[in-house]
There are 2 protein chains.
Amino acid sequence: MGVKILQKPEEATASDLKPRDRLLHTARDLFHQHGIKGIGVEAITEAAGTNKMTLYRHFGSKDDLIVECLQKAINETMSKWDELELEYPDNPKAQLIAWIGAGAQCIASDKRGCEIANAAVELTEPDHPGRRVIEEGKKEHRRRLVGLCQRADLTQPELAADTLCLLFEGARISRQSDGPEGPCARFKRMAEGIVAAYERK
Amino acid sequence: MGVKILQKPEEATASDLKPRDRLLHTARDLFHQHGIKGIGVEAITEAAGTNKMTLYRHFGSKDDLIVECLQKAINETMSKWDELELEYPDNPKAQLIAWIGAGAQCIASDKRGCEIANAAVELTEPDHPGRRVIEEGKKEHRRRLVGLCQRADLTQPELAADTLCLLFEGARISRQSDGPEGPCARFKRMAEGIVAAYERK
DNA sequence: GCATACTGTTACCGATCGGTCACAACAGAG
DNA sequence: CTCTGTTGTGACCGATCGGTAACAGTATGC
């Protein structure tokens with residue numbers, strides 16, 4: 001119980017971020033890997049290299065933490081949409097193909113599927129604060145996909161966008177039970193086929 | 001604390017089934033409504049009109065109960081496949097259209113999606129006994145869908161079946177975050193479009 | 001009648017859950 | 001240096017979790 005040298009090495013788990021950001025980042029990862037109900041706050045704080053009090057000082061409750069994680073995930077997705085438009089300016093068809101490619105990569109690399117969709121499975125109470133975030137996020141995502149299909153001049157852009165949406169969602173959820181060699185493996189081919197089918201000729 | 005008249009009326013929750021079947025039925029329903037990790041064994045026994053000891057005498061653990069529920073769900077799905085074949089014998093195309101119709105009805109009526117897929121989201125440990133059941137069940141489902149597409153003489157039956165599979169899975173998961181008016185609402189139209197696209201002409 | 005098998009009841013176990021308390025240690029700004 | 005705001009520590013709370021022990025009641029078959 002002598003003098004304790006602490007707070008200096010700050011090695012391993014803890015990056016140079018502030019505790020709040022470390023908590024958010026770690027919580028998001030652990031929620032995704034183990035499920036929201038499958039991980040406790042204590043495990044999150046330990047993995048983030050901090051403690052429960054610090055968590056509860058920044059986030060009032062586990063539910064609040066969940067909400068912030070979901071919001072962060074959605075913001076990240078929206079940023080990717082923005083990047084996509086910047087990468088192929090004034091070329092919506094290329095943006096659409098790039099979106100499909102990014103989706104396929106996402107399916108291949110992440111075996112746990114979509115954080116948002118998974119959260120919707122676990123957050124069953126209709127009045128859970130996270131549900132609003134989930135629903136708004138998915139609606140916005142749909143809006144952007146429809147917009148892209150419109151700009152890409154597809155015939156029946158709404159139907160095409162919804163089809164692509166279901167294929168993508170289906171691939172991400174299917175991967176969790178049918179594995180990477182299951183139906184999800186053909187997502188790219190299917191999606192590109194849909195785009196071709198709705199192209200104006 | 002006088003004489004208690006019990007076990008005679010057996011009203012309300014308890015049907016005339018034996019405790020084991022009541023437990024299985026109730027557990028399946030509650031797992032589906034609240035999530036596997038979202039419901040405790042005590043709540044299940046109460047809803048089933050019995051008690052914890054009876055549960056643990058029939059099922060060794062909560063995990064065992066989960067496994068039996070998943071297996072029952074899969075058996076039910078397989079029975080529906082059999083019924084489909086009996087209903088339209090030697091008419092695989094009609095069976096396929098009927099499968100799509102049943103799927104659409106299922107999407108419309110059940111807001112909580114697929115029990116099996118949801119379980120895959122919650123059961124994150126790779127060695128959980130339920131995972132084997134999930135994976136085998138989904139593989140068998142895929143096999144049957146491919147077989148039906150083959151018998152229906154679709155060109156590229158595997159690709160068609162996988163596309164239908166992803167659309168269905170996507171619709172069921174999407175319904176949980178995007179609601180019944182979201183992309184899932186057009187499942188039937190999309191699926192019939194896929195069948196038409198892969199029809200031999 | 002009896003024996004056997006199943007069910008119900010109550011109390012209990014240790015572990016973990018989300019969440020809080022009081023207090024000490026620290027960092028940076030003035 | 002002091003003041004202030006942010007962290008860390010460890011003990012603690014009540015509630016709930018999955019699971020068990022011991023015993024009493026009931027149903028059925030012989």
Side-chain angles (χ1 to χ4, degrees), chain A residues 1-24 26-27 30-31 34-69 122-123 125 128-130, chain B residues 1-24 26-27 30-31 34-69 122-123 125 128-130:
Chain A
M1 62 215 350
V3 178
K4 279 196 272 179
I5 301 133
L6 44 82
Q7 199 106 351
K8 207 52 199 293
E10 195 104 355
E11 59 199 338
T13 47
S15 56
D16 54 350
L17 294 167
K18 299 222 126 199
R20 187 179 204 280
D21 294 313
R22 270 183 285 150
L23 279 166
L24 213 65
T26 308
L30 293 182
F31 284 152
H34 305 281
I36 292 175
K37 302 248 173 97
I39 197 87
V41 290
E42 189 112 54
I44 294 172
T45 61
E46 278 174 23
T50 178
N51 52 74
K52 247 200 287 193
M53 270 315 299
T54 300
L55 188 152
Y56 280 99
R57 277 190 279 243
H58 285 292
F59 313 91
S61 66
K62 187 186 182 182
D63 280 345
D64 290 358
L65 177 60
I66 293 167
V67 169
E68 288 226 32
C69 285
E122 291 202 85
L123 270 27
E125 306 103 339
H128 189 288
Chain B
M1 61 219 346
V3 178
K4 279 197 273 179
I5 302 131
L6 46 82
Q7 199 108 350
K8 209 52 200 291
E10 196 104 358
E11 59 197 340
T13 48
S15 57
D16 54 352
L17 293 167
K18 300 223 126 198
R20 187 178 203 282
D21 293 313
R22 271 184 286 147
L23 280 166
L24 213 63
T26 308
L30 293 182
F31 284 152
H34 305 281
I36 292 175
K37 302 250 174 93
I39 196 87
V41 290
E42 189 112 54
I44 294 172
T45 62
E46 277 174 25
T50 178
N51 52 74
K52 245 198 289 193
M53 272 314 300
T54 300
L55 187 152
Y56 280 100
R57 278 190 278 244
H58 284 293
F59 312 91
S61 65
K62 186 185 182 182
D63 280 345
D64 291 358
L65 177 61
I66 293 168
V67 168
E68 287 226 33
C69 286
E122 291 203 83
L123 271 24
E125 306 102 339
H128 189 288

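Numbered from 1 within each chain, the chains take letters A, B, ... in sequence-line order. Note: hydrogens, waters and symmetry copies are ignored here, and every other heavy atom, side chains too, is used.
- Residues satisfying the salt bridge (Lys or Arg N to Asp or Glu O under 4.0 Å) criterion with A:Lys52, sequence neighbours excluded, are A:Glu42.
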Stepwise side-chain contact (heavy atoms from CB on, under 4.5 Å) check, B:Thr54 with B:Thr45: CA-CA 8 Å; B:Thr54 300; B:Thr45 62; over 6 Å; no

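- Between the CZ atom of B:Arg20 and the P atom of C:dG8 there is a distance of 15 Å, given to the nearest Å.
- At whole-Å resolution of the value, CD in A:Glu42 and C1' in D:dT16 are 16 Å apart.
- Atom OG1 of residue A:Thr26 and atom CG of residue A:Asp21 lie 10.0 Å apart, to the nearest 0.5 angstrom.
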Stepwise side-chain contact (heavy atoms from CB on, under 4.5 Å) check, A:Leu17 with A:Leu24: CA-CA 11 Å; A:Leu17 294 167; A:Leu24 213 65; over 6 Å; no

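- Interface residues of residues 51-64 of chain A facing DNA chain C, ordered by number: A:Lys52, A:Met53, A:Tyr56, A:Ser61, A:Lys62; criterion, heavy-atom separation under 4.0 Å.
- Among the heavy atoms of the strands, none lies under 4.0 Å from B:Ile44.
- For A:Thr50, no side-chain nitrogen or oxygen approaches OP1 or OP2 of D:dT7 to under 4.0 Å.
- Here D:dT6 presents its P atom at 15 Å from CG of A:Leu23, a figure rounded to the nearest Å.
- For the salt bridge (Lys or Arg N to Asp or Glu O under 4.0 Å) test, no residue two or more places apart in sequence or in another chain qualifies with B:Arg57.
- One can place CD of A:Glu46 at 13 Å from P of C:dG18, the figure rounded to the nearest angstrom.
- Going from atom NE2 of A:His34 over to atom P of C:dC17 covers 12 Å, rounded to whole Å.
- Taking the side chain as every heavy atom from C-beta outward, A:Ile66 and A:Phe59 never approach each other to under 4.5 Å.
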